[in-house]
Every structure is written in C-alpha cells, then in structure tokens.
Amino acid sequence: MAEMATGGDVPTNNTIYINNLNEKINLNELKKSLKAVFSQFGEILEILAFKTLKHKGQAWVVFEKVKDATAAIEKMQNFPFYDKPMRIQYARTKSDVIAKADGTFVPREKRKRHEEKGRKRKDQHDANQAAMGVNPAYASAYGATPLSSQIPYMGGAKSTLPEAPAPPNNILFVQNIPHETNSMMLQMLFYQYPGFKEVRMIEAKPGIAFIEYGDEMQSTEAMQRLQGFKIKPDHPILITYAKK
DNA sequence: AGCACA
C-alpha cells in the first residue's frame with residue numbers, strides 16, 4: 001500500500017516533514033512563509049514547528065489531501081528557503097488533525113519509554129492503517145481554493161488600466177501586497193515560473209515589490225499566471241511592468 | 001542531525 005516513489009523511504013502521508021530549515025528564523029515568520037510556499041499545492045490544515053533543541057530546524061505541514069503533499073515534495077525539494085535548501089519527506093506518522101477528522105485519533109499518553117512500548121506502537125500502527133482508505137469525515141469539510149480559481153485569466157483581452165500601461169519589461173511591478181507579506185512569500189509565488197531571478201521589496205514602501213525575470217517573455221508569463229492572485233482573501237495583487 | 005501534535 002505504501003508508495004515509495006517520493007520523499008525518501010517513508011510511505012505517503014497527508015503531512016510533509018521538512019528539515020534543514022534555517023534555525024535563525026523566528027517561528028511565526030517561518031510558519032507564515034511555509035504557508036505561503038505550500039498553499040499553492042492545496043489546502044493546508046495545520047503547520048507545526050517548535051524551537052526546542054530536538055525540533056528546531058524542522059516543520060510539519062499538514063495537507064488536506066495526500067496528493068497535495070506528494071506534489072509539494074516533488075516540486076519544492078531542495079527549494080532555497082532562507083538560504084538553505086529544504087529537505088522534504090512524508091511525515092512518519094499521521095498528524096492528529098487528520099486522525100481526529102477521520103475518527104482514528106487516540107490520545108497519546110505522556111511519554112513513557114519504559115513500559116508497554118511494543119503494545120502502544122501496535123495500537124498506533126493499527127490506527128494508522130485503519131485510516132488509509134477514503135475519509136469522508138473531512139473530505140468535504142474544507143473548501144479548497146485551487147490556484148487556478150484565484151487567478152482571473154485575462155484571456156488575451158487587453159486589460160484596461162486607468163493609466164497608460166508601461167511597455168513590457170523583464171521586471172514586474174507588484175502592488176496591493178498585504179503588509180504582512182515578506183519577500184520569501186513572494187519568492188515562493190514567483191519562483192515557480194521560469195526565468196525567475198529575484199524579488200526586491202522596499203522597506204520604506206510596504207505593499208509593493210519588484211520581481212525580476214530573465215526576459216520579457218518570462219515576466220509576461222508570470223504576470224499572466226499570477227495577476228490578481230490573493231495572498232490574502234479579498235486582497236488581489238496587481239501586477240504591471242516596471243517602468244524602465 | 002534531529003518525526004510533532006503550544
């Protein structure tokens with residue numbers, strides 16, 4: 001039943017386990033950036049990260065659907081995140097949110113490693129197995145918003161901007177960015193289109209950014225794909241060419 | 001390196 005094609009030697013799971021994360025980044029920002037990075041693959045139920053010795057530099061991202069976790073592993077493996085390549089695998093065990101949703105959650109006791117260990121392991125294993133099938137309990141509980149539905153496709157029609165549009169440029173000018181957005185989030189968004197070079201945000205001017213691509217064809221493609229993208233609900237970004 | 005359930 002386990003498919004081993006991706007993410008190392010661990011069977012598929014709703015949850016991805018990420019390590020080699022930059023330990024200097026504070027947890028809130030880290031989680032926000034992870035959310036920004038991985039939301040493109042599907043609905044995320046939860047992101048967990050801890051700063052304890054044993055768990056720093058690691059995070060768990062729980063997807064509603066296993067296939068989204070699979071896509072995330074394939075597409076984001078070794079992605080340079082805060083200057084370090086992410087290492088991504090499936091998590092070894094099912095996340096509590098998932099177990100709760102499919103009815104297989106068994107509260108775990110305080111860690112005791114001296115007694116009944118084998119037996120508890122087996123119970124956990126059985127619970128995991130029991131949930132491997134279809135899980136209608138949570139399948140419809142979350143309204144995933146596919147990336148495509150967030151992107152108003154311009155369909156070749158000229159966008160009628162109030163001001164004279166700038167001529168094509170390999171650098172894009174992005175406006176209406178939520179103020180809590182950081183450059184890593186934007187990098188994640190724009191990196192997925194070919195030719196991506198860099199993101200530049202101006203500290204003194206929140207809400208805008210410049211995104212550079214190798215050439216105009218590439219910047220144009222990215223602009224069309226990400227035009228109106230909502231980093232935050234009811235807050236579509238506006239992308240134009242930067243002025244030369 | 002390190003697989004959790006703040």
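The shown structure was predicted, so the numbers you read here are calculated from the model rather than taken from an experiment. Protein chains get the first letters and strands the later ones, always in sequence-line order, with residue 1 at the start of each.
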Spacing of A:Leu30 atom CG relative to B:dA4 atom P, expressed in whole Å: 17 Å

Protein-nucleotide distance (A:Arg108, atom CZ; B:dC3, atom P), rounded to Å: 15 Å

Polar side chain donor-acceptor pair, A:Gln218 to A:Tyr193, under 3.5 angstrom: no

Whole angstrom value for the distance that separates P of B:dC5 from CZ of A:Phe63: 20 Å

Residue mapping more 5' on DNA chain B - nearest nucleotide basis, A:Glu23 or A:Lys100: A:Glu23

Centroid-centroid distance, A:Phe173 to A:Tyr241, less than 6.0 Å: no

Contact check, side chains of A:Phe79 and A:Gln187, non-hydrogen atoms, under 4.5 Å: yes

Protein-nucleotide distance (A:Asn14, atom CG; B:dA4, atom C1'), rounded to Å: 15 Å

Between P of B:dC3 and CZ of A:Arg92, the distance in whole Å: 5 Å

Any side-chain donor near an acceptor of the partner, A:Lys244 and A:Asn169, under 3.5 Å: no

Atom pair distance, as rounded to whole Å: CD1 in A:Ile16 and P in B:dC3: 16 Å

Listed nucleotide nearest any side-chain atom of A:Thr15, set B:dA4, B:dC3, B:dA6: B:dA4

Minimum-distance nucleotide to A:Gln58 side chain [options: B:dA4, B:dC5, B:dG2]: B:dG2

First of A:Lys56 and A:Lys51 reached from the 5' end of DNA chain B, by closest nucleotide: A:Lys56

Centroid under 5.5 Å and tilt under 30°, A:Trp60 to B:dA4: yes

Whole-Å gap separating P (B:dC3) and CZ (A:Arg87): 16 Å

Gap between atoms CD1 and P, on A:Ile44 and B:dC5 respectively (whole Å): 20 Å

